[in-house]
Undergrad: 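Starting off with a structure, shown below.
Just so it is clear: chains get the letters A, B, ... in the order the sequence lines come, proteins before strands, and each one is counted from 1.
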Amino acid sequence: MSEAKAPSNFIRQIIDRDLAEGKNNGRVVTRFPPEPNGYLHIGHAKSICLNFGIAESYGGACHLRFDDTNPEKEEDEYIHSIKKDVEWLGFQWAGPVRFASDYFDQLYDLAVALIRKGLAYVDTQSPEQIAEMRGNFTTPGRNSPHRDRSVEENLALFADMRDNKFDEGAAVLRARIDMQSPNLNMRDPVLYRIRKKAHHQTGDKWVIYPMYDFTHPLSDALEGITHSLCTLEFEDHRPLYDWLVENVDLPDEPRQYEFARLNLNFTVTSKRRLKLLVDEGHVDGWDDPRLPTLSGLRRRGYTPAAIRHFCENLGVSRADSVIDMSILEASVRDDLNHNAPRAFCVLNPLKLVIENWPEDREEWLDAPVHPQNEDMGTRRMPLTREVYIDREDFREEANKKYKRLVLGDRVRLRYGYVIQAEDIVRDADGEIVEVRCSYDPDTLGKNPEPAEGQGKMRGVIHWVSADRGLPCEVRLYDRLFQTANPSKVAEGESFLDNINPESLRVLQGCVVEPGLRDAGPESRFQFEREGYFCVDRDSVDGRLVFNRTVGLRESWPREA
RNA sequence: UGGGGUAUAGCCAAGUUGGUAAGGCAGCGGGUUUUGAUCCCGUCAUUCCCAGGUUCGAGUCCUGGUACCCCAGCCA
C-alpha cells in the first residue's frame, strides 16, 4: 500500500501558520482524550489518525489521556481496550498513559485559585433551581442568590464539598461568568459536582469530581498541549475553554480547534447505541464483526493500514458529512489485495468426480501465494479424483456470459487441469449431488489445442480436494442496519427496529485448502474468486471459522 | 425562538492577494488477465445552495435569502 502523505487540511494550515509565527516555541503537542466509557470506534480512528498523524509529521508529540472525570460511567475494561486499539492502529503515545484524574489535586488547587480571584463560587441551590435559573435560548439566565458569597465563605464551602460535608447534588462549584450570555455554556457553568462513587483510578479519595469543561482545558495546559482538537459539538464550549486558560495561572495556552466527526451510513457510531446493541445482545459483544468498533473491525479482518489509509483519505473539514460504507470497504480491499495470501475455499460444496483420474492418485500442484507478488512464494495443493467446487460454479446450461462450468463444456481448475463436465448425478429429490467430468492431462500450465467435439473453455474455477480439504465454518456479514441512517426513526420506533435480520449468515460444511490448517486467529486471506476472509477467534483445533471481511468487487452481469 | 456552525459531482474533499473547478471512492467505455478480482488507458462539475451586485474576470468580494447541523446535563 502506498504511503499516503497526509493531505493538507485547515488544521495543518493553522499549525503551519503558528509555526511560521514562532508560537509555542515551535512545539506541536496534541492529545487523544477518550473517556473510558466504551470501546473505540471508527470515528475515534479519525481523531486518532489526526492527532497522532499531526504529531508524527511535525516532529511533535501526542499524548493519550483518559478523560476520566465521571466515575459513574467509566470502567477499567474500557481503558485496556482503548490502549490496545490505539497500539493496534500503530500509534505510540508520548510519555506515559495519562489520566485527567492524575491532575485532581492540581485541579482542586486551580479551582481554589479561581475562588480567590472571585471567579468561582459555591452554589447550594438544587439542580432543578440551577437549571431553571439558567434560562433558555430566548430567556437570559438570572443570577444565583449565592453568586456573591464572600471568597472566605466560598473557600470554606468548597472545602466542605471536598470533605464530604454535603449530600450529592447539594452543592456545586460554578464559574462566575455571565448569566446573560447568549452562549448557555457561559452562564456560570458548573465546575465541580459531588459524586460519592469510587473512581477507577483514585479510589475513594474524592467525593467531588471536576466537570469536562473545567478539566479539559486545564489538563491541556498542564500537559503543554498546543493544539487541542475536538469535534464540532464542542464549538460552543470554546469561549469557556479560553476563559479558563486565561483566568488560570499556567504558563501554556493551548488552543482548541474543532473538526467534523466521522459518520458512516448503515451503522451507528454513538457509544450509547453501541453499548445498547452489546448489552441487549443484538450482537456478539463489542468486537462483533458487524460493529464499527475498532475491535469489531479487527475481528472482521480489517488491517490497521486500511483504517489509517481510510482516515487519511477522508480529509478533515468542518462540514457535517456521512461517508459511504463502500469507501471503508474499498480501503480494506485495497490493502488486502496487495498483502493477503491467496487460498481456495469452497463455500457451497458440490462434488466433482474426475472419471479418468486414478482412484489413488494425488498430485501436488504448485500455486502462487500471490499471483502479482512472487516474493510471497508458492503453496502446494493436492488434486485428487474427487474435489469440491462451488454449486454456483456449475450449471446444466447457461448462456455464453456464464464463465464457469456447464454440462458438456470445459473449464480450468485453477492452477490445475482443464476439465469437461460429462454427466450429473441426482439424488432422490432431483437435486444435483455430483458432477462427473474428464480432465485433459495435457493442459497443466498450458492451454488446450482447439479440438473438434469439445466444448469451449469458459473460464477458471477454484476447487478443493475432497479427501484433503479441511472442513470449516464461514460467516458472511452484511450491514447491521437496513437503512442508511439507522438513527432516523418514525414516532415510537427505535434504531433497533432498523437492524438487518440477515446481517449474519453462517455457512457450515465449507471446505478450505489443507495448507490453512494452522492458521491462527486474525490471519487474513483472499479466498480466490470469493473475497477476503480472516480466521475468527472462535476457531478450535480441527475446525476453522472464517469471517468474510469483504467480498471481491463484482462487476459481471448477474443475468448471465 | 437567542447563540454557534456548514453548504463545491452519487459520497467525501482541495480550492488562502478574485485569473477561468485537484485528488479519492463510486460510475461509465476500452485493453491485459489461469481470480467475472487486480492492473492499465480513457471518461466523469461550462459550474460551486439560491438571487442580486461589484469587476475585464467571482467558488473566492458585497448585499439579501434558503437549507441543514450543534447548544437549554451537577455527561463527555
Undergrad: Look at the side chain of A:Glu530 and the base of B:rU35, then say whether one donor and one acceptor between them are separated by less than 3.5 Å.
TA: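 It does not, because no donor-acceptor pair links the side chain of A:Glu530 to the base of B:rU35 below 3.5 Å.
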Undergrad: Distance between the P atoms of B:rC50 and B:rU35, in whole angstroms?
TA: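 Going atom to atom, P in each nucleotide, I get 48 Å.
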Undergrad: Between B:rG5 atom P and A:Asn185 atom CG, what is the distance in whole Å?
TA: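 Interatomic distance, CG of A:Asn185 to P of B:rG5: 13 Å.
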Undergrad: Could you give the CZ-to-P distance, from A:Arg272 to B:rC75, as a whole number of Å?
TA: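 These atoms are roughly 17 Å apart.
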Undergrad: Considering only side-chain heavy atoms of A:Glu233, which listed nucleotide, B:rC25, B:rU1, B:rA76, is closest?
TA: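 Looking only at heavy atoms from C-beta outward on A:Glu233, the closest nucleotide is B:rA76.
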Undergrad: For the backbone of A:Lys73 and the side chain of A:Asn37, can you confirm whether one donor and one acceptor N or O come within less than 3.5 Å of each other?
TA: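 Checked: no pair found.
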Undergrad: Please report, rounded to the nearest Å, how far the C1' atom of B:rC74 is from the CG atom of A:Asp188.
TA: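 Rounding to the nearest Å, CG of A:Asp188 and C1' of B:rC74 are 14 Å apart.
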Undergrad: If the P atom of B:rC25 is compared with that of B:rU32, how far apart are they to the nearest Å?
TA: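 Result for the P pair: 23 Å, nearest Å.
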Undergrad: B:rU38 P sits how many Å from A:Arg333 CZ, rounded?
TA: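 In whole Å, B:rU38 P lies 8 Å from A:Arg333 CZ.
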Undergrad: Looking only at atom C1', what distance separates B:rG24 and B:rA13, rounded to whole Å?
TA: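 So the two C1' atoms sit 8 Å from each other.
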Undergrad: Within 45° of the six-membered ring axis of A:Tyr439 and under 6.0 Å from that ring's centre, is NZ or CZ of A:Arg412 located there?
TA: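 Not satisfied by the 6.0 Å and 45° rule.
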Undergrad: If the test is ring pair (Phe, Tyr, Trp, His ring centres under 6.0 Å), which one of A:Tyr209, A:Phe214, A:Phe104 qualifies with A:Tyr192?
TA: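 Only one option passes, and that is A:Phe214.
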Undergrad: Between A:Arg548 and A:Glu530, is the closest basic N to carboxylate O distance under 4.0 Å?
TA: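 No, A:Glu530 and A:Arg548 are not salt-bridged.
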Undergrad: Can you identify which nucleotide, out of B:rU35, B:rC74, B:rG3, has its nearest atom closest to the A:Asp236 side chain?
TA: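 Nearest to the side chain of A:Asp236 among the choices is B:rG3.
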Undergrad: Taking atom P in both B:rU16 and B:rA22, compute the distance separating them and give it to the nearest angstrom.
TA: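 The answer is 13 Å between these two P atoms.
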Undergrad: Under a 3.5 Å limit for both distances, which nucleotide forms a Watson-Crick or G-U wobble pair with B:rU60, could you say?
TA: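 In the structure as shown, B:rU60 has no Watson-Crick or wobble partner.
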Undergrad: Does A:Arg318 put a side-chain nitrogen or oxygen below 4.0 Å from OP1 or OP2 of B:rC12?
TA: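 For A:Arg318, the contact criterion (side-chain N or O under 4.0 Å from OP1 or OP2 of B:rC12) is not met.
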Undergrad: Of the nucleotides B:rU6, B:rU16, B:rC12, which one has an atom closest to the side chain of A:Ser321?
TA: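 Nearest nucleotide to the side chain: B:rC12.
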Undergrad: Once you apply a heavy-atom cut-off of 4.0 Å, does A:Gly135 come out as touching a base, just sugar-phosphate, or nothing?
TA: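 A:Gly135: backbone/sugar contact only, no base atoms under 4.0 Å.
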Undergrad: Please tell me if A:Arg134 has a side-chain N or O lying less than 4.0 Å from either OP1 or OP2 of B:rC74.
TA: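 The answer is yes; a side-chain N or O of A:Arg134 sits under 4.0 Å from OP1 or OP2.
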Undergrad: Can you figure out which of B:rG3, B:rG73, B:rA13 approaches the side chain of A:Ala319 most closely?
TA: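 Given the options B:rG3, B:rG73, B:rA13, the side chain of A:Ala319 is closest to B:rA13.
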Undergrad: To the nearest Å, give me how far apart CD1 (A:Ile11) and C1' (B:rU16) are.
TA: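 About 16 Å, once rounded to whole Å.
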Undergrad: So, under a plain 3.5 Å distance rule, would you say the side chain of A:Asn183 forms a donor-acceptor pair with the base of B:rG4?
TA: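 Flag unset: no donor-acceptor pair detected.
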Undergrad: Using only modelled atom types and a 3.5 angstrom limit, is any donor from either the side chain of A:Arg553 or the base of B:rU38 paired with an acceptor on the other?
TA: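 Absent.
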Undergrad: What interatomic distance, in whole Å, is found between P of B:rG2 and the corresponding atom of B:rG65?
TA: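 My reading of the P atoms in B:rG65 and B:rG2 gives 13 Å.
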Undergrad: Within the 4.0 Å heavy-atom criterion, would you say A:Glu235 contacts the bases, only the backbone, or no part of the nucleic acid?
TA: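 Sugar-phosphate, backbone atoms only, no base.
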Undergrad: Could you let me know what B:rG27 is paired to, Watson-Crick or G-U wobble, both distances under 3.5 Å, or none if it's on its own?
TA: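 Because both required distances fall under 3.5 Å, B:rG27 counts as paired with B:rU43.
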Undergrad: If you compare every side-chain N and O of A:Ser555 against the phosphate oxygens of B:rA37 (OP1, OP2), does one of them come in below 4.0 Å?
TA: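 So the side-chain polar atoms of A:Ser555 do come within 4.0 Å of the phosphate oxygens OP1 or OP2 of B:rA37, strictly under.
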Undergrad: Between B:rG30 and B:rA67, how far apart are the P atoms? Round to whole Å, please.
TA: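 These two P atoms come out 45 Å apart once rounded.
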Undergrad: When the distance from CD of A:Glu128 to P of B:rG73 is rounded to whole Å, what number comes out?
TA: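 My rounded result for the distance is 11 Å.
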Undergrad: Rounding to a whole Å, what distance do you find between A:Asp393:CG and B:rA37:P?
TA: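 Checked: the CG to P distance equals 14 Å.
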Undergrad: Please tell me which of the listed nucleotides, B:rC71, B:rA76, B:rC25, lies nearest to the side chain of A:Thr69?
TA: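 For the A:Thr69 side chain, the nearest candidate turns out to be B:rA76.
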Undergrad: Who is the Watson-Crick or G-U wobble partner of B:rG73, with both distances under 3.5 Å?
TA: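 Per the H-bond distance test, none.
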Undergrad: Should A:Arg17 be listed as having a side-chain N or O under 4.0 Å from OP1 or OP2 of B:rU16?
TA: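 Checking A:Arg17 against B:rU16: no side-chain N or O falls below 4.0 Å of OP1 or OP2.
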Undergrad: For B:rC74, does either OP1 or OP2 sit under 4.0 Å from a side-chain N or O belonging to A:Arg174?
TA: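 It does not, given that no N or O in the side chain of A:Arg174 lies less than 4.0 Å from OP1 or OP2 of B:rC74.
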Undergrad: With side chains defined as the heavy atoms from C-beta onward, is the minimum distance between A:Ile208 and A:Arg195 less than 4.5 Å?
TA: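 Side-chain contact under 4.5 Å: no.
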Undergrad: Quick check on B:rA13: is either OP1 or OP2 less than 4.0 Å from any side-chain nitrogen or oxygen of A:Ser317?
TA: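 So the side chain of A:Ser317 is within the cut-off, an N or O lying under 4.0 Å from OP1 or OP2 of B:rA13.
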Undergrad: Sort out for me which residue in A:Thr231, A:Asn9, A:Leu232 forms a side-chain contact (heavy atoms from CB on, under 4.5 Å) with A:Phe259.
TA: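 Single side-chain contact (heavy atoms from CB on, under 4.5 Å) partner of A:Phe259 among A:Thr231, A:Asn9, A:Leu232: A:Thr231.
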Undergrad: Say you pick atom P in B:rA58 and the same atom in B:rA21; how far apart are they, in whole Å?
TA: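 Looking at atom P only, B:rA58 and B:rA21 are 12 Å apart.
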Undergrad: Tell me whether the ring of A:Tyr212 lies stacked over the B:rA76 base, given a 5.5 Å limit on centroids and a 30° limit on the plane angle.
TA: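 Stacking between A:Tyr212 and B:rA76: absent.
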Undergrad: At under 4.0 Å between heavy atoms, what does A:His237 touch on the DNA or RNA strands: base, sugar-phosphate, or nothing?
TA: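 Base, at least one base heavy atom under 4.0 Å.
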Undergrad: Side chain of A:Ala330 only, please: which of B:rG4, B:rC75, B:rA26 is the nearest?
TA: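 The answer is B:rA26, which lies nearest to the side chain.
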Undergrad: Check whether the side chain of A:Arg404 and the base of B:rG36 form a donor-acceptor pair under 3.5 Å.
TA: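 A donor-acceptor contact between them is present.
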Undergrad: For the residue pair A:Phe527 and A:Phe546, is the inter-centroid distance of their aromatic rings smaller than 6.0 Å?
TA: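 A:Phe527 vs A:Phe546: aromatic centres under 6.0 Å.
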Undergrad: Sort out the partner of B:rG36 for me: Watson-Crick or G-U wobble, both distances under 3.5 Å, none otherwise.
TA: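 No nucleotide pairs with B:rG36.
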Undergrad: To the nearest Å, give me how far apart CD (A:Glu554) and P (B:rU35) are.
TA: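 So the two atoms are 15 Å apart, to the nearest Å.
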Undergrad: Pick base, sugar-phosphate or nothing for A:Glu329, based on heavy-atom distances below 4.0 Å to the nucleic acid.
TA: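 No contact.
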Undergrad: B:rA72 base stacked by A:Phe137? Criteria: ring centres under 5.5 Å, plane angle under 30°.
TA: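 Yes.
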Undergrad: My understanding is that only one of A:Asp220, A:Ile225, A:Asn51 makes a side-chain contact (heavy atoms from CB on, under 4.5 Å) with A:Thr30; could you say which?
TA: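 Between A:Thr30 and the candidates, side-chain contact (heavy atoms from CB on, under 4.5 Å) is satisfied uniquely by A:Asn51.
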Undergrad: When you get a sec, tell me which of B:rA72, B:rU38, B:rA76 is the closest nucleotide to the side chain of A:Asn136?
TA: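 Between B:rA72, B:rU38, B:rA76, the one nearest the side chain of A:Asn136 would be B:rA72.
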Undergrad: Under 6.0 Å from the ring centre and within 45 degrees of the ring axis: does the NZ or CZ of A:Arg273 meet both conditions for the six-membered ring of A:Phe495?
TA: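 Yes, A:Arg273 and A:Phe495 form such a contact.
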Undergrad: From the set B:rA76, B:rG15, B:rC71, return the single nucleotide nearest to any side-chain atom of A:Leu184.
TA: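 That would be B:rC71.
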Undergrad: Between A:Gln13 and B:rG15, does any side-chain N or O lie under 4.0 Å from OP1 or OP2?
TA: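 Yes.
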Undergrad: B:rC74, B:rU35, B:rG2: which one has an atom nearest the side-chain heavy atoms of A:Arg195?
TA: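 Selected nucleotide (nearest to the side chain): B:rC74.
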Undergrad: Does the distance from a Lys or Arg side-chain N to an Asp or Glu carboxylate O, for A:Arg261 and A:Glu233, drop under 4.0 Å?
TA: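 A salt bridge links A:Arg261 with A:Glu233.
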Undergrad: So, under a plain 3.5 Å distance rule, would you say the side chain of A:Arg412 forms a donor-acceptor pair with the base of B:rU34?
TA: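 When only heavy-atom distances are counted, A:Arg412 does reach the base of B:rU34 through a donor-acceptor pair under 3.5 Å.
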Undergrad: Among B:rU35, B:rC74, B:rA76, which nucleotide has an atom closest to any side-chain atom of A:Ile130?
TA: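 Selected nucleotide: B:rC74.
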Undergrad: Pick one for B:rG53: is it syn, with its angle within 90° of 0, or anti?
TA: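 Anti conformation for B:rG53.
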Undergrad: Can you check the distance between B:rC62 and B:rG18, where both ends of the measurement are the C1' atom (answer in whole Å)?
TA: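 These two C1' atoms come out 13 Å apart once rounded.
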